[in-house]
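What you see is a predicted model; the values in this text were computed from it and never measured. Whatever order the structure lists ligands and atoms in, that order sets their numbers, starting from 1. Numbers here are sequence positions counted from 1.
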Amino acid sequence: MSASEPGGLETGVTRRTVLGTSAGMAAATIVAPHLRANAQPLPTPSETGTTLRLSMSVNGSAVALDVDSRASLLDLLRERVGITGPKKGCDHGQCGACTIHLDGRPVVACLTLAAKADGRAITTIEGLATGETLHPMQSAFIDHDALQCGYCTPGQIMSAVACVQQGRATSPDNIREFMSGNICRCGAYAGIVAAIETVAAETREG
Ligand code: FES
Ligand code: FES
C-alpha cells in the first residue's frame, strides 16, 4: 500500500520499502572494503611504540628502566618509579597538579614525554625536604593554610618554588600571573600567594 505525505501527495513509498532500503544501505555500509571483490587487502595494523632504555636522576637517586616511547613522564613517575606526589588532575596540561622540576625548571609531567627526561634531573615534591626538615615553601604553605584537600598542593608548591627561584615573586599580581597554570578547586589562592610572598621576602633578606 502506498503512503501519502502531508497534503495527500502519493509517494509510492511504504514503511516496508523504507525499512528494506535502510537495511540494504546498512548492509552495504558494513561490508568492509577489503572483503569486496577486487579490493586490495588493508595493511596489518602494527604498534608504533618502541621500547627505550632511559636513565635519569629522580630526587637524587639514579633510575634506569625500559620505557614505552609513548609514555608520559607523569605515568613513568607514578606507575613505574612509585613517585606519587605529582598528581594526575586533567592529564591535558591544564591544571598544574603534575608540576615537577626538570633540570630545575617547572614542567607539567603529563605533557612531557618520559623519553625527554633521559639523562636529566627530576625533582618532585618528595625531593624538596632535607631529611625531616621541610622546604621553606612547604612550611609557608602550612603556616598560611594554603591548602584544603591538598590535591593540587604538590604542583602548587613546585611552581611556587620556581616562582621565587626565578625572581618572579615581586608582587601579588606577578605571583598570580606566574602561578596561573596551577588550578586550586578549593580556592586556596589567598593563602598560596601569601605563602609565596613570605618565602620571597625571606629569600631577599638572605
Ligand atoms: Fe598535568 Fe593537569 S595533570 S596539567
Ligand atoms: Fe584542594 Fe587545591 S587544596 S584543589
Seminar exercise, completed: On a heavy-atom basis, the closest approach of T99 and P106 is CG2-CB, 4.0 Å

Seminar exercise, completed: Given the options L77, I125, I83, I100 meets side chain to side chain contact (heavy atoms under 4.5 Å, CB included) only with L77

Exercise. What is the number of protein N, O or S atoms that sit under 2.8 Å away from atom 1 (Fe) of ligand 2?
Worked result: 2

Exercise. Protein N/O/S atoms under 2.8 Å from atom 2 (Fe) of ligand 1: how many?
Worked result: 2

Exercise. Around atom CZ of R53, are there more than 12 heavy atoms of other residues, nucleotides or ligands at under 6.0 Å?
Worked result: yes

Exercise. V108 and I157: same hydrophobic cluster, using ILVMFWY side-chain contacts below 4.5 Å?
Worked result: no

For this session: Using atom types as modelled and distance alone, determine if a side-chain donor or acceptor of E126 lies under 3.5 Å from a backbone N or O of G85.
Result: yes

For this session: Grab the two heavy atoms, one from C184 and one from Y189, that are nearest each other, plus how far apart they are.
Result: N-OH, 2.8 Å

Seminar exercise, completed: Closest heavy-atom pair, L76 versus A114, reported as atoms and distance to 0.1 Å, is CD2-CB, 3.9 Å

Seminar exercise, completed: In terms of heavy-atom contacts, V161 and H135 come closest through CG2-CE1, 3.7 Å

Exercise. Under 3.5 Å, is there a donor-acceptor pair between the side chain of N182 and the main chain of G96?
Worked result: yes

